[in-house]
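Here the structure comes first, spelled out in structure tokens, and everything after it is commentary.
Protein chains get the first letters and strands the later ones, always in sequence-line order, with residue 1 at the start of each. No hydrogens, no waters, no symmetry mates; every other heavy atom, side chains included, goes into these values.
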Amino acid sequence: MVFSSIIFLIFFLPAFFILYYAVPAKAKNAILLLASLIFYAWGEPKYIILLVISSVVDYINGRMMEKFDGKDKIRKIFLVISVVINLSLLAVFKYSGLFIETLNRIPSFNIPDPGLPLPIGISFFTFQTMSYSIDVYRREVKAEHNFLNYMTYVSMFPQLIAGPIVRYKDVGKELSSRKITFENVTSGFIRFGMGLFKKVLIANGIGQLWDCCLESVSSLSFATAWLGAAAFSFKIYFDFSGYSDMAIGLGKMMGFDYPENFNYPYTADSVTDFWRRWHITLSSWFKSYVYIPLGGSRKGDLRTVFNLAVVWALTGFWHGASWNYLLWGAFFAVILILEKFVFAKLLSKTPSALKHIITLFLILVSWVIFAVEDFSSMGLYLKSMFSFSGGITDPLFIYSLRNYGLILAVAAVLSMPVYPLLRKKIRGLEWAKCIVFALLFIISVVYLVKNTYNPFLYFRF
Amino acid sequence: MRSKKIMFIIIALLAVVAAVLTLAAPGDLFLDKENRPAASAPAFSMQALFDGTFTDDTEAYLTDRFPAREELMSLYALINMGMGKTEINDVYLCSDGYLIEKPAKDKDYGKLVNNVNTLAGNNPGVHFVMMTVPTAVTVLDDKLPAGAYAGEQRADTDKIKSDLDAGVRFIDCLPVLEEAAAEQQVYYRTDHHWTSYGAFAAYKEFCRQEGFALPDIGSYKIEEVTDSFFGTVDAKVNDPFAKADVITKIYKPCDITVDYGDHQSDTLFSGSYLDQRDKYSYFLDNIHDKISITVNNPKEEAKGKVLLVIKDSYANCFVPFLTENYEKIIVLDTRYYMYGASSVIEQEGVTDCLILYNLNSADKDAGLAGIY
């Protein structure tokens, strides 16, 4: 099930919360777990088994590491079991198709592709359960004894399928006791509603412009190519951060405090800064569990370069089973290394405005690498951005400005911390704010209904 | 904080009300504007549960019954117009109130042309005419929003013409439709079809190329049969400002017998459709796999001429003009007619064959495979 659907908003959510608030505190995890399993199974019931396997494995690992507390070798074995099983799930269900397809390009190779569909959220829940086992191994958290609590942690529907990646230590205490206040319920709901608005109105709206540009990739003008890249940048930001907002808001309505995942990434003044603001829970996951264990920046420059390259290749590849994501990760590795070792001094003297422009430029280019999986189309697209081979402008540019100008402007404004600023300035007017929110919420629902509106062109035959 | 709480309670109550209304909606429901029955109640089985169809069907059942769908769709159109959009749901909002479908890219008419060539090759004794009708997006391209993609029907027409075998006469209606558009409304504003005026202009061109006497519109009766037609393109947008179209009938009274397969009639116009949403079906009584029209007192020059029309719905308001020129007309909808055109040609002694499709759907018409 997805958040941005009528079935979730009108049926699942009200039914869940009525039950959740009605039952005593002890039973809340059971209700949440049951709802999460239904949420996950909706539309793709088979893969629920993977979620259960991943949870059971790491629950047992945690208990075992606790049991063999004094014996480091045995503890290490359980850590390895956790990592191997989770990475194997990823390898089989997420990457096997790509590997087989790539190997088959070598003559005489002809491995049949089982064509497994990607289990929803597998990249997120495997990382969550792994983080738990690693943290228990490092003695940063105590092993969870209550399986219901552990399973609830892994499968909580708000962040199950698109993050934020919540570590066990973030919510461990709340899993056994949490406070629900009406105040948190309403502010959580408002957070959810704003996320829905970001996803449904802005991300989906601008997404159409990107689709349009990609469709005419062979004949894009310079201006349209850049407009399209900007459109994708907004689309992915509002889509993803909107989803995180919805997750954080729903968590708050249930009494959980999930970590923030975005901090106005497009206001970054360097790519290093961008990655402190974009998908924060993922980059800190890689930092804690890959970069620092590899030695981070403490083992000399050469080793640091190597570590950065490894982390960014993995980060790129995590985003999807296609080689362009690896290239995307490598692109960032190069820039981050250059920022750290080559241009650090120069950047410190560069005027702030110029740094922002350079950063945005690099991010826009990176999103094109990210968004176009097929390398020949990617080449065509980048060619349009860096040459006038398709002309400086074209009718599609005029058409797009007219149709998407307003939404692009709104997206640009909302990419900056305007709302927190306004909130400080405008005190009072509580009713006005509520009415604006309610209108945005209703408009979001209208858009969701529109997605289900499906007129049949030809009259019944 | 109090205002937020009150707002939260109101929205929560609204959600519950919407859920209750959805569940209370009847199980058997026709969505008029969407022109389809609402999804039926999901059937539960273990298999349906595991392959995901049960949940999909449940979702379709519920979303189809959400209260005020059509009104919300109009609201959606209104919001998008407010945002300066000139395209909603793949429909261009054009000047003078025209709603025109956005054309698909890279259309390929090869299948249609091949089938026509094969049919003509198999029936050397029959005179073949092919007419592809450009749609509003081409003829009325001056009304499109600035910079809108207008499709490639002009180039496609040239390609079809050059790919057709020499034995098939190709009639390009674009010039005459453009000419007629300056004087008359040749396409509906809210529907994807051409009007009777558009069809008449094409008929005139057809007569010119076929060597028939040129028809004079002054000798025809012109009658507005309805002024409250909202067509299929409007149904995609639910444009709250859409103005109803007028359906005009241009005809000469004549004595004919029409066999629709399931019933007989003496007219090609079915008034009962004018009370329904689907008013274009006034022409040729909506959909029939085979219609046989016999002209009871044909003109001297029409005697012995038997025309087979292979067509889509654009032909429905065109066919009535042809009763002037043929003694018998057989109209096939190859999506439904199972036995192939060649067998009809043989059985009915067909002398002429007209293939008439509009360029918007000619490449994807589900019946093309059944042409020959």
Side-chain angles (χ1 to χ4, degrees), chain A residues 1 5-7 9-11 13-15 17-18 41-46 182-183 185-187 189-190 193 205 212 215-216 394-407 430-431 433-435 437-438 441-443 445-447 449-461, chain B residues 1-8 10-12 15-16 18-19 22 31 33-37 49-52 55-56 58-60 62-64 66 69-70 72-73 75-76 79 83-87 89 101 105 145-149 192 232-233 235-236 238 277-278 280-281 286-287 313 335-336:
Chain A
M1 207 182 285
S5 68
I6 290 293
I7 189 119
L9 219 53
I10 303 298
F11 293 96
L13 210 52
F17 275 116
I18 288 170
W42 196 264
E44 184 55 87
K46 286 179 205 138
F182 197 9
E183 198 147 335
V185 170
T186 49
S187 54
F189 176 70
I190 289 172
C212 215
E215 208 177 76
S216 14
D394 55 12
L396 182 58
F397 182 69
I398 312 286
Y399 184 73
S400 304
L401 274 191
R402 167 72 200 258
N403 274 276
Y404 299 97
L406 184 73
I407 198 162
E430 286 303 317
W431 276 109
K433 285 182 200 165
C434 284
I435 288 168
F437 172 82
F441 190 80
I442 289 167
I443 291 173
V445 173
V446 169
Y447 270 58
V449 171
K450 184 253 152 188
N451 290 344
T452 72
Y453 184 84
N454 184 18
F456 204 60
L457 184 62
Y458 293 99
F459 287 109
R460 247 186 314 176
F461 15 90
Chain B
M1 204 53 215
R2 205 174 64 104
S3 52
K4 279 185 190 165
K5 287 177 182 167
I6 292 171
M7 178 201 66
F8 172 74
I10 292 173
I11 292 182
V16 172
T22 303
L31 303 171
K33 210 150 194 186
E34 286 167 86
N35 190 40
R36 61 182 176 92
L49 181 68
F50 282 111
D51 66 18
T55 53
D56 290 349
T58 305
E59 199 160 343
L62 293 173
T63 53
D64 274 357
F66 193 84
R69 276 163 72 80
E70 284 177 15
L72 291 178
M73 194 51 212
L75 190 55
Y76 174 84
I79 294 164
M83 287 176 11
K85 285 253 191 183
T86 55
E87 176 193 329
N89 238 1
E101 285 172 281
K105 290 209 159 147
Y149 174 67
H192 67 287
T232 53
V233 187
K236 286 176 92 175
N238 267 14
R277 193 177 154 71
D278 173 12
Y280 182 80
S281 291
N286 196 11
I287 288 164
S313 59
R335 286 174 305 189
Y336 307 102

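The shortest distance between side-chain heavy atoms of B:Thr58 and A:Phe11 does not fall below 4.5 Å. For the pair B:Phe8 and A:Phe182, the minimum side-chain heavy-atom distance is below 4.5 Å. Residues B:Pro145 and A:Arg402 have side chains not in contact (no heavy-atom distance under 4.5 Å, counting atoms from C-beta outward). Using a 4.5 Å heavy-atom cutoff, the side chains of A:Val449 and B:Tyr76 are not in contact.
In this structure, no portion of A:Phe397 lies under 4.5 Å from any heavy atom of chain B. With a 4.5 angstrom heavy-atom cutoff, B:Met7 touches chain A only via side-chain atoms. B:Leu49 touches chain A through its backbone: at least one of N, CA, C or O sits under 4.5 Å from a heavy atom, while the side chain does not. Within the 4.5 angstrom heavy-atom criterion, atoms from both the backbone and the side chain of B:Lys85 approach chain A. Using a 4.5 Å cut-off between heavy atoms, A:Ser5 touches chain B through its side chain atoms alone. Residue B:Ala18 touches chain A through both its backbone and its side chain, counting heavy-atom pairs closer than 4.5 Å. With a 4.5 angstrom heavy-atom cutoff, A:Leu401 does not touch chain B via any of its atoms. In this structure, chain B has a heavy atom under 4.5 Å from the backbone of A:Leu396, while its side chain stays farther away.
The CD atom of B:Glu87 sits 5.5 Å away from the OH atom of A:Tyr404 when rounded to the nearest 0.5 Å. A distance of 12.0 Å separates SG of A:Cys434 from NZ of B:Lys5, quoted to the nearest 0.5 Å. Once rounded to the nearest 0.5 Å, the distance linking CG of B:Asp56 with CD1 of A:Ile7 reads 10.0 Å. In this structure, OH on A:Tyr447 lies 5.5 Å from CD1 on B:Ile79, to the nearest 0.5 angstrom. Atom CE of residue A:Met1 and atom OG1 of residue B:Thr55 lie 8.0 Å apart, to the nearest 0.5 angstrom.
Interface summary for chain B: among A:Ile407, A:Thr186, A:Asn403, the most heavy-atom pairs under 4.5 angstrom belong to A:Asn403. Heavy-atom pairs under 4.5 Å with chain A peak, among B:Leu72, B:Ile11, B:Leu75, at B:Ile11.
Listed by chain and residue number, A:Lys433, B:Ser3, B:Lys4 satisfy the side-chain contact (heavy atoms from CB on, under 4.5 Å) test with A:Glu430 (two or more places apart in sequence, or in another chain). With sequence neighbours excluded, no residue satisfies salt bridge (charged side-chain N to carboxylate O under 4.0 Å, His left out) with A:Asp394.
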